Amino acid sequence: VGSEMCIRDRGYPPASYKICPMKNYRKLNIAEINQLTTQFCTAEDWSKINVVEGFSPDHITHTRFSGEIELGIFEKEMELPGGLKKKTGLHHVTLHNCSIGNNSLIENIPNYIANYRIGSDCFIQNVNLILTEGESCFGNNTEVSVLNETGGREVPIYNRLSAQLAYIIAMYRHRPDLIARLREMIEAYSLAQKSCYGKIGNGVHIVNTGTIRNVCIGDYCQIDGTSRLENGSINSNREAPVYIGPNVTAEDFIVSSGAHISDGVVMSRCFIGQACHLTHLFSAHDSLFFSNCQSENGEACAIFAGPYTVTMHKSSLLIAGMFSFLNAGSGSNQSNHMYKLGPIHQGVVERGSKTTSDSYILWPAKVGAFSLIMGRHVNHPDTSGMPFSYLIEHGNRSYLVPGANLKSVGTIRDAQKWPKRDKRTDPDKLDCINFNLLSPYTIQKMLQGIDTLQGLKQTSGETSECYSFQSTTIKNSSLNKGIDLYTLAVHKFMGNSIIKRLEGAPFSDLNDLHDRLKLTDSLGEGEWIDLSGLIVPKQAVKDEIDRIVGNPDSTLEETESFFQAMHRRYYDMEWTWVCSIMPRWYGKTVDRLSPKDIIRIVRQWNEAVVSLDRMLYDDARKEFSMISRIGFGVDGSTRQRDFDFEQVRGEFENDAFVKMVCKHIEDKTALGNELIGRLETLMTSMPQH
């Protein structure tokens with residue numbers, strides 16, 4: 001039995017369907033029936049009970065059988081947490097139309113278990129009711145009204161939904177032919193899951209739980225103290241088990257592998273992605289949470305939470321917004337009721353942004369990537385063309401500080417911690433996640449930002465005190481500093497790309513050098529977009545959409561493969577984009593670059609890296625300032641305060657981040673010098689003209 005129990009077979013059973021036909025099943029014999037009867041077991045019809053060879057009724061007591069029943073063997077001991085050992089078997093349970101695998105222990109079920117296939121090595125105790133009622137797709141094809149609560153951007157969820165596909169379904173409503181085709185594919189997938197039998201996989205533990213109705217539960221899932229689960233799938237597996245904890249209530253849901261949901265979470269019409277963590281009375285409805293999201297205490301309503309969306313405070317409400325790599329401060333709030341036609345407004349906060357305590361945004365609004373949002377903003381700003389900025393309220397006005405986050409320690413720490421906090425242990429990863437701070441997606445916006453800021457200076461005058469931009473105000477000093485910061489970042493990114501192409505690559509002459517710089521991918525030119533974690537050329541997405549619409553035989557698996565392929569090809573496509581920008585930034589195409597040109601580019605790169613790192617160094621020093629020491633050494637002298645501070649926070653020079661910045665400067669300088677040395681050697685060997 002065990003893994004051969006048709007756990008993955010989800011087709012709808014015909015009338016003559018055996019729950020899980022096995023060659024080694026047999027009927028009970030008279031002696032077994034008599035023994036079961038003496039052990040206070042009853043059956044509606046003993047002839048409908050089938051057992052495997054080696055079956056023994058020794059460990060089945062006070063059990064009532066109804067309908068078609070299939071039983072494995074019960075011969076092992078099961079060790080429970082705390083070291084308690086129990087013999088596997090059935091005790092004080094009513095089973096109707098059920099299949100039970102080998103060496104499972106099911107006991108103390110006050111109500112009954114009906115229409116379920118239960119795997120091997122399971123422990124099910126003190127569960128009120130486990131039931132599959134009628135036909136069910138187990139949460140698949142449930143429509144989630146994301147972003148717009150009144151409808152219009154519904155995403156039908158299914159077991160293998162990725163952040164990328166959900167993004168296209170939610171945001172590409174200008175392509176109704178595409179949406180219709182994707183809906184058809186998801187519906188076909190969901191119909192293939194339809195069954196009148198639920199599944200509980202191998203190694204599952206379910207204890208002290210209320211009602212489980214129409215829920216498909218994967219291998220090694222743990223459900224402990226949960227209140228109610230209805231119409232859903234829990235896609236747990238051995239590599240990435242799912243935990244559903246105390247007082248959780250969920251209906252119309254999909255939970256992906258490795259997720260942890262506990263401590264009073266209430267959710268309805270939600271998709272929970274891989275390795276998500278929802279706890280501490282968090283509530284959500286009509287929301288999508290993708291890989292590594294962490295949500296505690298607060299509330300989510302109709303949000304598209306891309307990878308690494310984090311909200312952890314009781315007073316925080318995320319509503320009708322699209323986020324990714326977000327860190328929401330306490331009291332963060334948005335409003336989708338600008339007018340009186342209902343909650344129809346939405347907003348976008350691009351990747352990597354932070355909201356401070358008590359921040360507020362009146363939708364509609366759009367905030368650029370890696371921005372800091374502070375205060376209340378009610379004038380519908382669109383800062384998407386100014387990434388790495390501060391959006392700050394002052395005197396009821398929204399002020400924009402372009403590029404300020406490029407010199408923030410917090411931004412760099414976030415970029416370093418995201419890959420380390422990838423808790424996905426499932427080898428089959430559904431979401432494609434690009435962690436890069438600097439990419440064609442952000443650099444193209446910086447180039448546009450430079451043009452915009454320079455244009456503001458020309459139209460409003462270089463001596464203007466303030467400039468107006470997309471319902472925000474930019475101070476003169478902020479504008480000039482923003483141009484400088486964006487310029488440094490572009491130099492850093494472009495230089496990085498060239499150095500990576502030449503790092504460790506020998507070249508003996510100019511032709512060999514240019515060969516190292518040749519394009520390796522035909523895609524990459526033009527605009528790039530962020531598909532909720534996957535950074536990809538817009539043209540590639542357009543081509544895939546045309547393929548889906550134009551091919552009636554296209555499948556969800558093919559679209560998943562497309563996203564994975566784009567993720568693998570990122571750096572080759574990035575180089576294609578860099579080469580397309582070179583004429584604007586350096587005045588030459590890549591095939592016209594001389595060793596002297598590359599030396600100049602590397603030196604610009606090194607200056608940019610060192611300048612930005614020094615800004616980070618200075619920003620980190622603020623964490624060790626005199627003001628930061630307030631509250632330390634509360635009952636002592638100034639000297640004791642400083643000593644107390646050092647014991648808790650350490651010394652500035654020994655801080656891990658500070659050391660990292662200093663080492664980064666050294667390493668990058670050495671890397672640039674090494675390449676410059678090789679290029680200078682090449683120049684001396686070239687014929688002089």
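Here, residue 1 is the first one in the sequence, and each next residue gets the next number. These numbers were taken from a predicted model, which means no experiment stands behind them.
Looking only at distances, a side-chain donor or acceptor of W577 sits under 3.5 Å from a matching main-chain atom of G526. Looking at T226, its side chain never comes within 3.5 Å of a backbone N or O of P246 through a donor-acceptor pair. Side chain of D219 to main chain of N202: a donor-acceptor pair is present (N/O by atom type, distance under 3.5 Å, no hydrogens or angles). Remark: side-chain polar atoms of S330 are not paired, donor with acceptor, to backbone N or O of S357 under 3.5 angstrom. For S532 (side chain) and Q164 (main-chain N/O), no donor-acceptor pair under 3.5 Å exists by modelled atom type. Side chain of T383 to main chain of M386: no donor-acceptor pair is present (N/O by atom type, distance under 3.5 Å, no hydrogens or angles). For the pair N297 (side chain) and M312 (backbone), a donor-acceptor distance under 3.5 Å is present. Distance alone, capped at 3.5 Å, is enough to place a donor-acceptor pair between the Y308 side chain and the W418 backbone.
Sorted by first and then second residue, the salt bridge (Lys or Arg N to Asp or Glu O under 4.0 Å) pairs involving residues 437-446 (not counting sequence neighbours) are E350-K445.
In the displayed structure, R547 atom CZ is contacted under 6.0 Å by more than 12 heavy atoms of other residues, nucleotides or ligands. Applying the 6.0 Å contact sphere to CZ of R614 captures no more than 12 heavy atoms from other residues, nucleotides or ligands.
Between the side chains of S257 and Q274, at least one donor-acceptor pair of N or O atoms lies under 3.5 Å. Residues N159 and Y189 have side chains that bring a donor and an acceptor to within less than 3.5 angstrom of each other. Side chains of Q346 and R153: a donor-acceptor N/O pair is present below 3.5 angstrom, by distance only. D252 and N231 share a donor-acceptor pair across their side chains, judged by distance under 3.5 Å alone.
Tested against Y570 for a ring-ring contact (aromatic ring centres under 6.0 Å, His included), the candidates W528, W575, F435 yield a single pass: W528.
Across L488 and S611, no two heavy atoms sit closer than the pair CD1-CB, 4.1 Å. In plain terms, the two heavy atoms of C270 and M267 that are nearest each other are SG-CB, 4.0 Å. For L318 against A328, the heavy-atom pair with the smallest separation is CD2-CB, 4.3 Å. When all heavy atoms of N405 and S371 are compared, the pair lying nearest together is ND2-C, 3.7 Å. Scanning all heavy atoms of the two residues, the minimum distance from Y220 to V204 falls at N-CG2, 3.8 Å. The minimum heavy-atom distance linking M446 with Y486 is given by the pair CG-CD2, 3.6 Å.
Looking only at side-chain heavy atoms (C-beta outward), L523 and M566 come within less than 4.5 Å of each other. Inter-residue side-chain proximity for L437 and I412 is flagged as met; some heavy-atom pair is nearer than 4.5 Å.
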Applying side-chain hydrogen bond (donor to acceptor under 3.5 Å, both in side chains) to S332 and S316, what does each step give before you reach the verdict?
CA-CA 5 Å; S332 295; S316 296; 4.6 Å; no
Go through the steps to decide whether H260 and T279 satisfy the test side chain to side chain contact (heavy atoms under 4.5 Å, CB included), and finish with yes or no.
CA-CA 8 Å; H260 181 107; T279 59; 3.8 Å; yes
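E143 and R183 are joined by a salt bridge, as a carboxylate oxygen and a charged side-chain nitrogen come within less than 4.0 angstrom of each other. Salt-bridge annotation for D286 and R269: present, with a side-chain N of the basic residue lying under 4.0 Å from a carboxylate O of the acidic one. Between K500 and D572, none of the side-chain N atoms (NZ, or NE/NH1/NH2) sits under 4.0 Å from a carboxylate O, so this pair counts as no salt bridge.
Applying the side chain to side chain donor-acceptor pair (under 3.5 Å) criterion to R424, with sequence neighbours excluded, gives D422.
Note that CG of L161 is 8.0 Å distant from OG of S256, once rounded to the nearest 0.5 Å.
For F290 and F304, the gap between ring centers is short of 6.0 Å.
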